[in-house]
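In what follows, a structure is listed as structure tokens, so that the remarks can point back to it.
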Amino acid sequence: MSTFIVEAMMRLPLRAVLPLLCACAGDAPRTAVAPDTLMIDGMPVLHHDATALERAPQWTVDTISPTIIDGDGDSRFNLLGASFIAALPDGRFLASRTGNLLLVFDSTGAPLARHWISVQSGLFSPPLLLPPDTLLSASYRNPPSGSPDDALVARHAVVQLAVLEDGTVLRQPMAAASPPCTTVKGRLPGAELLVQTVCAVADSGVGDGWLWARASRADRRLAVLESLFTFPAAEIVADTGALGWVAPQFGARGHLAVWGEWIVSATSDRYQLDLRGHDGRVQARLRVDRPREPVTEAIRAAAPRLRQQRARFSDSLPAFAALQVDHEGLLWVIDYRTRGDSGWSATAFRSDGAVVGRLRGTGAGRPVWLTRERVWIEEPPPAPLTPWFSARRVVPVR
């Protein structure tokens with residue numbers, strides 16, 4: 001059992017004394033809210049009640065002097081089609097466009113460099129930035145006559161165009177991992193990677209109303225070293241037509257991340273994260289008593305309706321939308337948002353399960369990268385084909 005779990009079990013519950021502390025402290029700054037540690041079916045559960053998120057430090061987004069990332073009118077740095085943006089510790093921004101073009105901006109948002117991840121066309125998995133400065137992106141091309149193909153997996157210190165630490169290009173057979181099945185989710189000790197496979201493989205697939213995924217250890221060539229565990233990847237329902245199975249709108253999704261000593265797996269049908277060791281075994285759980293919101297008629301009316309899913313809706317909204325681990329090792333749980341919401345919110349957790357802060361933003365923008373100091377937001381374009389991002393400071397609520 002991890003050290004922090006033992007320490008947490010010895011800690012008195014804060015929710016019993018916080019009201020007294022607040023009454024005496026007046027306008028004193030709020031502190032991180034530690035969880036209660038419960039033993040449920042022999043498993044340590046780091047538990048937060050329904051009020052924990054509101055009792056934690058409250059943060060907001062500063063609207064004064066944001067850093068604008070729009071290419072400064074240079075068409076070579078236009079963010080049309082940008083599917084990813086992240087920040088390096090030194091303040092540079094990375095964005096990937098149309099799958100295989102990597103754009104680099106300096107700390108002021110000015111264009112700095114362009115790099116092709118591959119000179120050949122192909123299908124790319126979403127990039128993953130591993131602290132401090134390694135970008136992983138698996139690329140696949142349809143090989144002629146079924147022959148094996150190469151996959152560029154990672155670039156280290158991307159502005160120097162080096163590939164990994166040793167300068168080598170990684171290669172793998174196409175059959176080792178084919179999209180959209182496999183994506184890189186994080187880095188494990190040493191040079192190993194955590195990968196997620198979502199397809200009909202031996203120990204995953206469709207069943208019990210879920211599409212199952214498999215988490216595995218892999219080397220830097222994405223060759224699987226060991227299958228660790230399976231978990232629900234997406235809620236699905238039977239289709240009476242030719243599709244067989246479809247995902248309902250607002251259905252729950254599975255999430256996977258590497259968070260320091262933990263592998264985190266979670267399914268957004270509830271606010272609970274399984275904390276696993278690097279061997280894949282669940283060692284503890286982090287839980288927040290936060291009920292899911294119902295899918296109302298107004299939400300249904302505002303949702304885009306695909307022809308195959310016109311009448312297929314989940315009863316409740318997912319408990320959260322995404323997980324992200326920042327450079328400090330904070331785990332951000334981003335709330336689910338619908339078209340009718342006037343803002344967004346996210347919660348930062350420390351590795352001992354404490355709620356460090358609750359961040360809220362207003363407007364139609366979407367947070368794409370979060371840290372305690374700044375948040376990067378995909379802004380709604382003022383005109384068609386003019387996408388842009390902003391980097392804004394995170395400030396405490398006064």
*So, for Trp212 and Phe231, is the gap between ring centers shorter than 6.0 Å?*
no
*Please test Val258 against Leu188 for side chain to side chain contact (heavy atoms under 4.5 Å, CB included), starting from the C-alpha separation and ending with a verdict.*
CA-CA 7 Å; Val258 177; Leu188 297 172; 4.1 Å; yes
*Rounded to the nearest 0.5 Å, what's the gap from OG on Ser265 to CZ on Arg285? Could you check?*
8.5 Å
_Quiz question: by atom type and distance under 3.5 Å, do the side chains of Asp326 and Trp332 form a donor-acceptor pair?_
yes
*Would you call the rings of Phe349 and His48 parallel, tilted or perpendicular if under 30° counts as parallel and over 60° as perpendicular?*
tilted
*Is any NZ, NE, NH1 or NH2 atom of the basic residue among Glu192 and Arg187 found under 4.0 Å from an Asp or Glu carboxylate oxygen of the other?*
no
*Got a sec: does the CZ of Arg270 have more than 12 other heavy atoms crowding it under 6.0 Å?*
no
_Between Asp289 and His47, do the side chains contain a donor N or O and an acceptor N or O under 3.5 Å apart?_
yes
*asked:* Do Ser268 and Arg253 pair up side chain to side chain, a donor and an acceptor below 3.5 Å, judged on atom types alone?
replied: no
*Does a side-chain N-to-carboxylate-O contact under 4.0 Å join Arg290 and Asp49?*
no
_Quick test of your reading of the model: are Asp335 and Arg358 salt-bridged, counting only N-O distances below 4.0 Å?_
yes
_List the residues meeting side-chain contact (heavy atoms from CB on, under 4.5 Å) with Thr267, not counting sequence neighbours, and say none if there are none._
Trp210, Pro232, Ala252, Asp269
_Can you classify the ring geometry of Phe93 versus Trp376 as parallel (below 30°), tilted (30 to 60°) or perpendicular (above 60°)?_
perpendicular
*Between His255 and Phe320, does the ring centroid distance fall short of 6.0 Å?*
yes
*Looking only at side chains, do Arg287 and Gln272 share a donor and an acceptor under 3.5 Å apart?*
yes
*Answer yes when Glu379 and Arg392 have at least one side-chain N-carboxylate O distance shorter than 4.0 Å, and no when they do not.*
yes
*Compare every heavy atom of Ser345 with every heavy atom of Arg360, then report the nearest pair and how far apart it is.*
CG-CB, 3.9 Å
_Whether Arg276 engages the ring of Phe229 as a cation-pi pair (distance to the six-membered ring centre under 6.0 angstrom, angle to the ring normal within 45°) should be assessed._
yes
_Over 12 non-hydrogen atoms of neighbours within 6.0 angstrom of CD in Glu328_ = yes
*Does Ser65 offer a backbone N or O that forms a donor-acceptor pair with the side chain of Arg393 under 3.5 Å?*
no
